[in-house]
Amino acid sequence: MPLDATRPLPISGEPVSGSATRTWPEGFLWGSATAAAQVEGASHQGGKEDSVWDAFARVPGAIAHGDTLKDAVQHYDRMPEDVRIMKELGLGSYRFSTSWARVRPGDRGPNPEGLDFYSRLVDELLDAGILPWLTLYHWDLPQALEEKGGWANRDTAYRFVDYANDVYSALGDRVQHWTTFNEPFCSSLLGYAAGVHAPGRQEPSAAVAAIHHQHLAHGLAVNTLRSRGAEQIGITLNLSNSIPKDPTDPIDLDAARRFDSLQNRIFLDPILRGEYPEDTLADLEQFGIRDVIQFGDLEIIGTPIDFLGVNHYHDDLISGHPTGGGDGHSGGTTRKTSSCWIGSEDIAFPSRGLPRTAMNWEVNPDGLRKLLVRLGEEYPTLPPLYVTENGAAYDDAVSSDGAVHDTERTAFVLDHIAAVGEAIDAGADVRGYFVWSLLDNFEWSWGYGKRFGIVRVDYNSFERTVKDSGHAYRQLISSARANGEVEQSRVQGLTPSGA
């Protein structure tokens, strides 16, 4: 249904009013995000074949309730309706991913029908005045490549470049912003070490190889896309603060160091410094990290990027002493899994007594401020930042009045946006914010049991209902624009292919 422009903000408070009335930097970008595997459905239509997630969903116990990606939320069929909702929300940009398994089924070659879907999506966005923000890899590796070793096989990095070239050939005339990878932490450590994510392997050495080969694929793709004329190229990492429970305890301090190494620095340092941290190399030597690094790799991986996407949902209190607390990465699987903290399985995550989301993640908006400021302080070559995912899962429901009064999510989003503003005040060069997610969707091993959307999806009828958090976000964007920022000018000069 159309949005009610007169609908009031569903909650009030200083963080909300501060976000709505502050003057944001000129050109600050307001958006939302999804991922192909989570929303598209049509898992074997239009020429698409299995991704690792399609195959993983058939493994008994891998996905909660036996859910699959077959329908997801039917974005493939309902894409124009979803773009209309984006426009009514006032989004300046939509961050989406293309599916490798749809673009190159079986990785045999380009699929015109799959590429046409993304071309139509880009045209719909441009017609609506919404900037397309494209991610090439959000975890849907063709299953055919996994059967050849997946990301543990160095050759997959070169196959990724073929895929990137196909997408650029189809969309490069209309897409300016290119993200190579989304959260390589998850597709390497959760997929190849923990076994919680596809492909479900529990092989620490394969996980280390996957990290390096994804880094290599990123660097190769940056060079290739730039040579073809791409204007803005970056990568998105999921980053966290590593807070020792007792900063005077050497055991807690070392646990926090090792967590920071595996969560943050093993990704940040090769990309922004062209090198792996020495302590990371030492920690992971037993898993063969030095063996997969070839001459010239780090120069390629350290190719300068134009932006860094930061995904952040929570930060972490860390201890080296057993506490019995989970690490938030168990997922919805009933299969036996392993720790993603390879070589550091003793890392513990004690509670700070903070509120928690439905994912059992602690809520601490100030952690986002600290993270954004820290990045600028520790990385002299840091490019501009965009918060490319931030949001929360809560167990919301449709009320008797037909609305979704998701008070907790609304507060989460607005309080974190306020934290972004505070980071900018402290000197962080943040140029945009994308709320996760536009739509309720397939939440990986949790299936459809966790809802992150600012738009609710009925999983029987697929009807969309904008939640109170979506209305609040729309009003914040409107207020921000009224205070002078003009991010929608970025689509000027970009025209749909048929125009």
Side-chain angles (χ1 to χ4, degrees), residues 10-11 15 32-35 37-39 53 57 61-69 72-73 139 183 185-186 190 194 196-197 238 240 311-317 324-335 337 340 349-368 387-399 403-417 419 434-460 464-473:
I11 69 169
S32 190
T34 66
Q38 293 179 273
V39 298
W53 275 96
I63 311 295
H65 313 298
D67 291 341
T68 73
L69 294 72
V73 296
W139 312 347
E183 298 186 358
F185 170 92
C186 296
L190 295 186
V196 174
H197 279 199
N238 52 320
S240 178
N311 289 359
H312 183 77
Y313 294 90
H314 59 92
D315 59 4
D316 295 275
L317 189 69
D327 65 3
H329 292 307
S330 59
T333 181
T334 59
R335 296 166 61 247
T337 58
C340 63
F349 298 80
S351 172
R352 290 172 287 185
L354 296 172
R356 291 179 180 264
T357 70
M359 299 294 288
N360 201 33
W361 296 338
E362 289 190 320
V363 178
N364 181 31
D366 194 56
L368 178 55
V387 177
T388 38
E389 288 183 26
N390 175 247
Y394 288 104
D395 298 327
D396 52 54
V398 178
S399 298
V404 180
H405 302 301
D406 56 337
T407 304
E408 291 174 303
R409 180 180 295 104
T410 302
F412 184 102
V413 170
L414 296 177
D415 288 349
H416 280 77
I417 291 173
F434 293 74
V435 67
W436 183 272
S437 171
L438 176 70
L439 303 164
D440 290 337
N441 55 47
F442 177 85
E443 186 48 42
W444 310 115
S445 66
W446 287 104
Y448 299 99
K450 304 295 181 183
R451 293 179 178 270
F452 276 87
I454 59 172
V455 177
R456 181 180 174 87
V457 177
D458 182 308
Y459 292 134
N460 293 312
R464 276 77 162 134
T465 302
V466 177
K467 303 176 187 179
D468 280 0
S469 57
H471 291 290
Y473 190 47

(message) Working note: Glu443 + Asn441, criterion side chain to side chain contact (heavy atoms under 4.5 Å, CB included); need CA distance, chi angles, decisive distance, verdict.
(response) CA-CA 6 Å; Glu443 186 48 42; Asn441 55 47; 3.9 Å; yes
(request) To the nearest 0.5 Å, tell me how far Trp446 CH2 sits from Met359 CE. (result) 6.5 Å
(message) Name the residue from Val363, Val435, Thr407 that meets the side chain to side chain contact (heavy atoms under 4.5 Å, CB included) definition with Phe412.
(response) Val363
(message) Below 30° counts as parallel, above 60° as perpendicular, anything between as tilted: where do the rings of Phe442 and Tyr448 land?
(response) perpendicular
(message) Once rounded to the nearest 0.5 Å, what's the spacing between atom OG1 of Thr34 and atom CG of Leu438?
(response) 7.0 Å
(message) According to ring pair (Phe, Tyr, Trp, His ring centres under 6.0 Å), who are the partners of Tyr394, at least two apart in sequence or on a separate chain?
(response) none
(message) Looking at Asp468, is its backbone amide N or carbonyl O close enough to the side chain of Arg409 to form a donor-acceptor pair, meaning the two atoms are under 3.5 Å apart?
(response) no
(request) Supply the atom-to-atom distance Ile454 CD1 to Thr465 OG1, rounded to the nearest 0.5 angstrom. (result) 13.0 Å
(message) Quick check against the 3.5 Å criterion: does Tyr313 have a side-chain atom that pairs as donor or acceptor with the backbone of Glu362?
(response) no
(message) If you compare all heavy atoms of Leu317 against all heavy atoms of Ser351, which two are closest, and at what distance to 0.1 Å?
(response) CD2-O, 4.2 Å
(request) For Asp316 and Arg352, work out which heavy atoms get closest and say how close. (result) N-NH2, 4.2 Å
(request) State which residue, out of Val455, Thr410, Asp440, fulfils the side chain to side chain contact (heavy atoms under 4.5 Å, CB included) condition with Lys467. (result) Asp440
(message) Tell me the closest heavy-atom pair linking Ala393 and Lys450, and the distance in Å.
(response) CB-CB, 4.3 Å
(request) First locate atom CZ of Phe349, then atom NE2 of His314, and finally report the distance between them rounded to the nearest 0.5 Å. (result) 8.5 Å
(request) Output, in order, the C-alpha distance, side-chain angles, deciding distance and verdict of side chain to side chain contact (heavy atoms under 4.5 Å, CB included) for Arg451 and Tyr459. (result) CA-CA 11 Å; Arg451 293 179 178 270; Tyr459 292 134; 3.3 Å; yes
(request) Considering non-hydrogen atoms only, spot the tightest contact between Asn238 and Phe185 and give its length. (result) OD1-CB, 3.5 Å
(request) On the 0 to 90° scale, with breaks at 30° and 60°, tag the His197-Trp444 ring pair as parallel, tilted or perpendicular. (result) tilted
(request) To the nearest 0.5 angstrom, please state how far the OG atom of Ser32 sits from the CG atom of Asn390. (result) 11.0 Å
(request) If the plane angle is over 60° it's perpendicular, under 30° parallel, otherwise tilted; pick one for His312 and His416. (result) tilted
(message) On a heavy-atom basis, which atom in Thr357 and which in Ala392 lie closest, and how many Å separate them?
(response) CG2-CB, 3.9 Å
(request) Identify the two heavy atoms, one from Ala33 and one from Ser437, that lie closest to each other, and give their separation to 0.1 Å. (result) O-OG, 3.0 Å
(request) Just do the side-chain hydrogen bond (donor to acceptor under 3.5 Å, both in side chains) check on Ser469 and Asp406 with the steps written out, would you? (result) CA-CA 6 Å; Ser469 57; Asp406 56 337; 2.6 Å; yes
(message) Please report the interatomic distance CG(Asp415) to CG(Leu368), rounded to the nearest 0.5 Å.
(response) 11.5 Å
(request) State, with a plain yes or no, whether a side-chain heavy atom of Val73 is found less than 4.5 Å away from one of Arg464. (result) yes
